Each structure stands twice: as C-alpha cells, then as structure tokens.
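Just so you know, ligand 1 is whichever comes first in the structure, and atom 1 is the first atom listed for that ligand. Note that this is a predicted model, so its numbers are computed, not measured. Note: hydrogens, waters and symmetry copies are ignored here, and every other heavy atom, side chains too, is used.
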Amino acid sequence: MSRHELSTEHADLRAAVEEFARTEVAPVIGDFYERGAFPYEIVAKMGRMGLFGLPFPEEHGGMGGDYFALCLALEELARVDSSVAITLEAGVSLGAMPIYRFGTDEQRKAHLPRLTSGEALGAFGLTEPGGGSDAGATRTTARLEGGEWVINGTKSFITNSGTDITSLVTVTAVTGRREDGRPEISSILVPKGTPGFSVGQKYSKVGWNASDTNELVFEDCRVPEANLVGERGRGYAQFLRILDEGRIAIAALSVGLAQGCVDESVRYAHERHAFGHPIGHYQAIQFKIAEMESRVHGARLAYYDAASRMLAGEPFKKEAAIAKLLASNAAMDNARDATQVFGGYGFMNDYPVGRFYRDAKILEVGEGTSEVQKMLIARELGLPA
Ligand SMILES: Cc1cc2nc3c(=O)[nH]c(=O)nc-3n(C[C@H](O)[C@H](O)[C@H](O)COP(=O)(O)OP(=O)(O)OC[C@H]3O[C@@H](n4cnc5c(N)ncnc54)[C@H](O)[C@@H]3O)c2cc1C
C-alpha cells in the first residue's frame with residue numbers, strides 16, 4: 001500500500017479532508033489556539049463529514065471505512081493543525097473504539113451512534129498521577145457492591161474528557177487480585193454526570209491548546225455492573241490492543257505535522273529574501289528542506305506499512321511502534337528546522353510553524369513515549385522484558 005496505490009475511496013477522502021483543513025480549519029484555528037478554546041463548530045463540521053465514523057460499520061452509524069482511512073484524515077488535518085487532529089484521534093481511537101471492539105451489544109447501541117456521528121465525544125482514562133508508561137500499576141479501584149461498581153481514583157491528562165459534548169469516559173481500574181498476586185485490571189464505562197465523577201483541573205499546556213485535556217476524579221462513583229467493558233480482568237489486554245492501533249494513528253498525525261512543516265518552509269523559502277535572493281536560493285535552506293521531506297517520506301511509508309499489516313490481520317505491534325517512533329522524531333526534527341527557516345517569524349504566533357513547534361513535543365510522549373516504543377521493538381526482537 002504505497003501512496004500511488006491509494007484506492008479511489010481513500011484518495012477522495014484524503015482530498016476532501018485536505019480541502020476542509022485548508023479552507024475551514026487553517027483560517028480560524030490560530031485564534032482558538034491562542035484563547036485555549038475548544039473549536040466546537042469545527043468539530044461539528046468534522047462530524048457532519050463523517051470523520052468520527054470512518055472506521056466503523058454503518059450499522060453503528062459509521063462510514064463503513066477502515067482504520068487507514070482514519071489515518072489519512074488525521075494526516076491531512078495535522079498538516080494544518082494538531083489540536084483538531086488529536087480531538088478526532090482520541091474521539092475515535094480512544095473514545096469509541098474500546099466500546100466497538102469490546103463492548104456489549106447494549107453498550108454499542110446506547111453509545112456508538114452519537115460517538116460515530118461526532119455529536120458526542122468519548123474519552124479513555126488510563127494514565128494516573130503516579131504514572132502512564134507503567135500502566136499496569138493502576139491505582140484506581142472499582143469494587144462490586146450491590147450490583148454496582150464503586151470507583152475511586154484519579155486519572156491524569158485525559159483528552160476530550162471535559163467538553164460540553166463529552167458523553168462518557170472508559171476507565172481502567174483494579175477490580176481484584178489474580179491468583180499470582182498481580183492486580184486484576186478491568187475497563188468500566190462511566191457516563192458524564194454520574195455522581196462521584198468530576199472533571200478536575202484543566203491543564204495549562206505547551207501545545208495542543210485548542211484540544212481538551214483534564215484531570216478526572218472518581219470518589220465513590222457508582223455505575224451499574226453492566227458498564228464493565230468486555231471481560232472482567234481483560235482491561236490490560238484491551239488497552240494494549242487499543243494503544244497498538246492508536247500508535248499508527250499518532251504516527252499518521254505526526255507525519256501530517258511534519259508535512260505541514262515542509263509545506264510552510266517551501267512557501268517561505270520562495271517569499272523571504274536575504275542578501276539579494278530568496279532564501280530558498282541558498283543550499284543551507286535547500287538541504288534543510290530536503291532532509292525534512294526525506295523524514296516525512298520515510299515516516300509515511302512506515303505508517304502505511306503498519307496500517308496495511310493491521311488491515312490484513314497480520315501482527316503489527318512492532319511496525320506500529322516503529323512508525324510512531326520514526327514519525328514523532330520526524331515531527332520534532334521538522335518543527336525545529338521549519339522554525340529555523342522562518343527565522344524570527346518562526347517564534348511568532350502569526351505563522352503556523354510556531355504552533356507546529358509547540359505541538360510536536362507531545363508526539364514523543366502521548367500513547368506511549370519514545371522509550372516505550374523502543375522497549376516494545378526490543379521485546380518483539382526477543383530481548384528480555
Ligand atoms: C496532552 C496529553 C494528552 C493525553 N491524553 C491521554 C488520554 O486521553 N488518556 C490517557 O490515558 N492518557 C493520556 N495522556 C497521557 C500520556 O499517554 C502519558 O503522559 C504517557 O504515556 C507517559 O506517561 P507519564 O506522563 O506518566 O510519564 P512516565 O511514565 O512517568 O515517564 C517519565 C519518563 O520516564 C520514561 N520511562 C518510564 N519507564 C521507563 C522504562 N522502563 N525504561 C526507560 N524509560 C522509562 C518515559 O519514557 C518518560 O521519558 C495524555 C498526555 C498528554 C500530555
């Protein structure tokens with residue numbers, strides 16, 4: 001599956017999202033970003049385009065597409081802005097996907113139509129104040145009492161969890177002990193508005209400023225026993241699966257940001273003059289941009305490869321980790337180089353490259369840090385855990 005082999009459906013989708021991002025997102029998103037405001041109208045338009053339903057079957061309100069279609073949409077959005085891209089990524093991959101993959105028929109019927117249409121957003125609460133990489137060390141607990149789960153704990157940095165249209169969060173919690181003494185972790189669905197579930201601090205962030213990230217607090221929060229997502233004790237395995245897929249999506253988002261850096265740099269290299277020539281006349285600038293383009297190309301092939309393995313039903317854990325590692329590196333390196341091409345203007349908020357610079361860092365952290373990706377790759381090569 002290389003770029004020139006995109007199917008007509010994939011190519012049409014990519015073109016439609018590219019146009020939407022250029023004409024509807026790019027002109028206004030800087031203002032939302034500076035105000036730290038969530039762009040409800042843009043998200044509603046993305047919903048009407050069907051972007052939140054891309055990888056889901058029509059019976060659940062989806063578009064009947066596949067995960068690669070989602071990745072293409074994320075790449076085109078992030079080429080212009082990462083806040084809207086991560087809102088889509090988290091809404092689909094972390095919000096709706098756990099319910100689609102592991103939920104009961106009742107849970108799917110109750111929640112998926114609003115999530116896949118973009119009318120509502122779901123969130124996934126895994127990370128805690130005590131740590132994200134070591135996700136097995138979850139401290140949040142859920143005990144069964146009178147047919148209800150009673151949840152206590154705090155989740156950190158949860159995307160899409162505090163907007164006006166957030167409808168639920170799926171949280172991981174320790175629901176008991178295994179025979180070997182290790183914690184039994186399960187996933188439980190908590191609708192917004194459930195007593196005992198509150199949205200804590202809204203973070204002040206370095207980047208992704210037009211996206212929603214909050215701390216979540218659960219204090220004797222009671223939900224019906226039927227809100228268990230999938231089998232009891234399978235929560236750890238479930239989120240590993242969700243994160244494997246999510247890494248391909250974050251790789252696509254990273255490629256989009258890295259491509260946006262190339263787009264902007266090429267344009268500016270023609271426009272900006274120094275010493276009697278456009279700066280693009282100088283090899284120092286040309287080589288920088290050539291390296292940026294090479295990084296994007298390699299990272300894109302890596303995520304296409306991981307996605308095609310996933311869609312073919314083949315193992316893709318290592319390839320997803322490689323794609324995420326390469327693409328987030330490319331995004332960071334390209335953001336640094338693009339701001340350099342822009343000189344002082346690169347440090348100003350008037351140009352998108354400053355925003356790209358602030359948005360790039362989290363890509364080396366979210367949905368598994370670069371160190372975690374290397375651990376996964378090493379394990380897949382048979383090195384000890
Ligand atoms: C804006 C934003 C949005 C987010 N959205 C969500 C969300 O929607 N849902 C959610 O659950 N989480 C979310 N996260 C959390 C994110 O996934 C975590 O921040 C990430 O997994 C890292 O966890 P941590 O921050 O606790 O870092 P830690 O796990 O404390 O790691 C700190 C450092 O130690 C390194 N490290 C840890 N263990 C090892 C090891 N064994 N070997 C080598 N190095 C190691 C890490 O790589 C890192 O460099 C979000 C985070 C941010 C900032």
Participant: What residue pairs, at least two apart or across chains, pass side chain to side chain donor-acceptor pair (under 3.5 Å) with a residue in residues 248-261?
Facilitator: Q259-D263, Q259-R300
Participant: Taking the minimum heavy-atom distance to atom 3 (C) of ligand 1, which of V206, L94, T159 ranks first?
Facilitator: T159
Participant: Compare M375, E367, K374, E371 and give the one whose heavy atom is closest to atom 49 (O) of ligand 1.
Facilitator: E371
Participant: Using heavy-atom distances, let me know which of Y203, F239, F157 sits nearest atom 51 (C) of ligand 1.
Facilitator: F157
Participant: Has V372 got any heavy atom lying under 4.0 angstrom from an atom of ligand 1?
Facilitator: no
Participant: Do E184 and R178 sit within salt-bridge range, that is, some charged N less than 4.0 Å from a carboxylate O?
Facilitator: no
Participant: Does some non-hydrogen atom of A123 fall short of 4.0 Å from ligand 1?
Facilitator: no
Participant: Under 6.0 Å from the CZ atom of R232, do we count more than 12 heavy atoms belonging to anything else shown?
Facilitator: yes
Participant: Just need the protein heavy atom nearest to atom 27 (O) of ligand 1, so name the residue and atom and give the distance.
Facilitator: S133 OG, 4.2 Å
Participant: Could you tell me which atoms of ligand 1, counted from 1 in the order shown, lie closer than 4.0 angstrom to a heavy atom of I158?
Facilitator: 7 (C), 8 (O), 9 (N), 10 (C), 11 (O)
Participant: Are the ring centres of Y345 and F347 closer than 6.0 Å?
Facilitator: no
Participant: Pairs of nitrogen or oxygen atoms closer than 3.5 Å, one from G132 and one from ligand 1: do any exist?
Facilitator: yes
Participant: Which pair of non-hydrogen atoms, one from R247 and one from E367, has the smallest distance, and what is that distance?
Facilitator: NE-O, 3.3 Å
Participant: Are more than 12 heavy atoms, taken from residues, nucleotides or ligands other than F56, located less than 6.0 Å from that residue's CZ atom?
Facilitator: yes
Participant: Can you sort out the partners of E128 under side chain to side chain donor-acceptor pair (under 3.5 Å), two or more places apart, ordered by chain and number?
Facilitator: T140, K155
Participant: Please report whether ligand 1 has a polar contact with T369, defined as an N or O pair separated by less than 3.5 Å (distance criterion only).
Facilitator: yes
Participant: Is it true that the NZ or CZ of R35 lies under 6.0 Å from the centre of F32's six-membered ring and within 45 degrees of the ring axis?
Facilitator: yes
Participant: Tell me the contacting part of I86 for ligand 1: side chain, backbone, both, or neither, using a 4.0 Å heavy-atom threshold, strictly below.
Facilitator: neither
Participant: Is the closest protein non-hydrogen atom to atom 1 (C) of ligand 1 under 4.0 Å?
Facilitator: yes
Participant: Suppose we measure from atom 15 (C) of ligand 1 to each protein heavy atom; which comes out shortest, and what is that distance?
Facilitator: T127 OG1, 3.1 Å
Participant: In terms of residue, atom name and distance, what is the protein heavy atom nearest to atom 52 (C) of ligand 1?
Facilitator: I362 CD1, 3.6 Å
Participant: Check this for me: does any side-chain nitrogen of one of D333 and R336 sit under 4.0 Å from a carboxylate oxygen of the other?
Facilitator: yes
Participant: Under 4.0 Å from any heavy atom of F124, which atoms of ligand 1 are there?
Facilitator: 7 (C), 8 (O), 9 (N), 10 (C), 11 (O)
Participant: Which atoms of ligand 1 sit under 4.0 Å from any heavy atom of W208?
Facilitator: 1 (C)
